[in-house]
Amino acid sequence: MRSRRTAVRTAIVAPVVALSAAAAILSGCSSTVSGIPQPSTTISAGTPSGKGLSKLLVDPADFPARYEAIVLPAQAVSMAAPDLTGVPQGAVVDPADCAPPSQDYGPTGTVMAVGTDNASRSTISIELTKTDTPLDELAKQTERCGEVTVTDNGAESTVTTQVTPAPPVRADDTLALRRTVRSGNESEKVTQSMVTLIAQVGDVRVSATFMSFGDAKADTVALDEVFTAAVQKVQNS
């Protein structure tokens, strides 16, 4: 089953040949992915130098070989980034105060790289955002808003999010989340499952998300590897 936002994202991404791998994550159906992030690498905390976000983003070569990775162009980021929260832009969230914080999807506010494992139809997304909001506020909102209803153009979905043990990397703050988005009707249900690792370094927030629509288990080893590389690059820049 393909949701309305899936069709829209695919339509935007499809003209860019290099994005064919990323577009694969936007269709399909199926089961909940289980898994708990188990990062192990220690990284020194620090403050980024203030370079543009695009210069702080990991290179596609930093992804494990089986994840065909590309850097998303600016016009695709505004569609792909909200998908990681389960709340498309303009959607109605109930309770209303559980809506994700507003975000600048321009190149100075958000940049993304996405790697796709075509065999399992799963992806790892690295997102860098500029924010002065403490990461602890996101943790508190998540604990308060464990389950919300999202309505987008008449289509309804249920987004369930829980805080899991934080990744053991040194940063200003860290957080880990497991999120499930369920949509569709009784005959055609779609389950989008994610595991997200987050680190705050100065005013840059680094998020790494494993996403799957299929029956693949969360690849926490690869997720940790890319997350570590992403945080390290921000720390060293």
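Computation of the quantities below employed the complete heavy-atom set of this structure, encompassing side-chain atoms and omitting hydrogens, waters and symmetry-equivalent molecules.
Looking at Tyr67 and Ser122, their side chains come closer than 4.5 Å, going by heavy atoms from C-beta outward. Residues Thr131 and Asp203 have side chains not in contact (no heavy-atom distance under 4.5 Å, counting atoms from C-beta outward). Looking at heavy atoms from C-beta onward, Thr108 lies out of side-chain contact with Leu53 at the 4.5 angstrom threshold. Taking the side chain as every heavy atom from C-beta outward, Glu147 and Val159 never approach each other to under 4.5 Å. Contact annotation: the side chain of Glu156 never approaches that of Val150 to less than 4.5 Å [non-hydrogen atoms, C-beta and beyond]. Leu138 places a side-chain heavy atom less than 4.5 Å from the side chain of Ile198. Between Val111 and Val77, the closest side-chain pair of non-hydrogen atoms is not below 4.5 Å. Contact check for Leu72 versus Val114: side-chain heavy atoms found under the 4.5 Å cut-off.
A donor and an acceptor atom, one from each side chain of Thr110 and Gln103, are located under 3.5 Å apart. Between Asp224 and Thr228, the side chains place a donor N or O and an acceptor N or O closer than 3.5 Å (distance only, hydrogens not considered).
With Arg144 contributing its side chain and Asp97 its backbone, the two residues share a donor-acceptor pair below 3.5 Å. A donor-acceptor pair under 3.5 Å is absent between the side-chain atoms of Asp59 and the main chain of Ala61, judged by distance alone. In this structure a side-chain-to-backbone donor-acceptor pair under 3.5 Å is present from Thr85 to Val87.
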The test is side-chain contact (heavy atoms from CB on, under 4.5 Å); show your working for Thr191 and Val181 and say whether it passes. CA-CA 6 Å; Thr191 300; Val181 182; over 6 Å; no
Determine, stepwise, if the pair Arg182 / Thr160 fulfils side-chain contact (heavy atoms from CB on, under 4.5 Å). CA-CA 8 Å; Arg182 295 183 176 86; Thr160 304; 4.2 Å; yes
Passes side-chain contact (heavy atoms from CB on, under 4.5 Å), Val169 versus Phe227? Steps please. CA-CA 10 Å; Val169 295; Phe227 175 66; 3.9 Å; yes
Between Leu197 and Leu223, does a side-chain contact (heavy atoms from CB on, under 4.5 Å) hold up when you go through it step by step? CA-CA 8 Å; Leu197 307 178; Leu223 180 64; 4.0 Å; yes
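Contact detail for Thr174 and Pro167: the closest heavy-atom pair is OG1-O, 3.5 Å. Heavy atoms only, all atoms of each residue included: Pro88 and Pro82 are closest at CA-CB, 4.1 Å. Between Ala222 and Pro64 the shortest heavy-atom distance is CB-CG, 3.8 Å. Closest approach of Cys98 to Val148, counting heavy atoms only: CB-CG1, 3.5 Å. When every heavy atom of Ser120 is checked against every heavy atom of Ser212, the shortest pair comes out as O-OG, 4.4 Å.
Here Leu128 contributes atom CG and Ser207 contributes atom OG; the two are 8.5 Å apart, rounded to the nearest 0.5 Å. Here Thr133 contributes atom OG1 and Gln200 contributes atom CD; the two are 8.5 Å apart, rounded to the nearest 0.5 Å. Rounding to the nearest 0.5 Å gives a distance of 6.0 Å between OG1 of Thr142 and CG of Leu175. Interatomic distance, CD of Gln192 versus CG of Leu84, reported as 8.0 Å (0.5 Å rounding). The line from OG of Ser193 to NZ of Lys217 is 11.0 Å long, rounded to the nearest 0.5 Å. Rounding to the nearest 0.5 Å places CD1 of Ile126 at 5.0 Å from CZ of Phe63.
Taking a cutoff of 4.0 Å between a charged side-chain nitrogen and a carboxylate oxygen, Arg121 and Asp117 do not qualify as a salt bridge. Under a 4.0 Å N-O distance rule, the pair Asp62/Lys233 does not qualify as a salt bridge. Looking at Arg66 and Asp219, a side-chain N of the basic residue comes within less than 4.0 Å of a carboxylate O on the acidic one, giving a salt bridge.
For the pairing with Thr209, the side-chain contact (heavy atoms from CB on, under 4.5 Å) check across Met112, Met194, Arg179, Glu127 returns one residue only, Met194.
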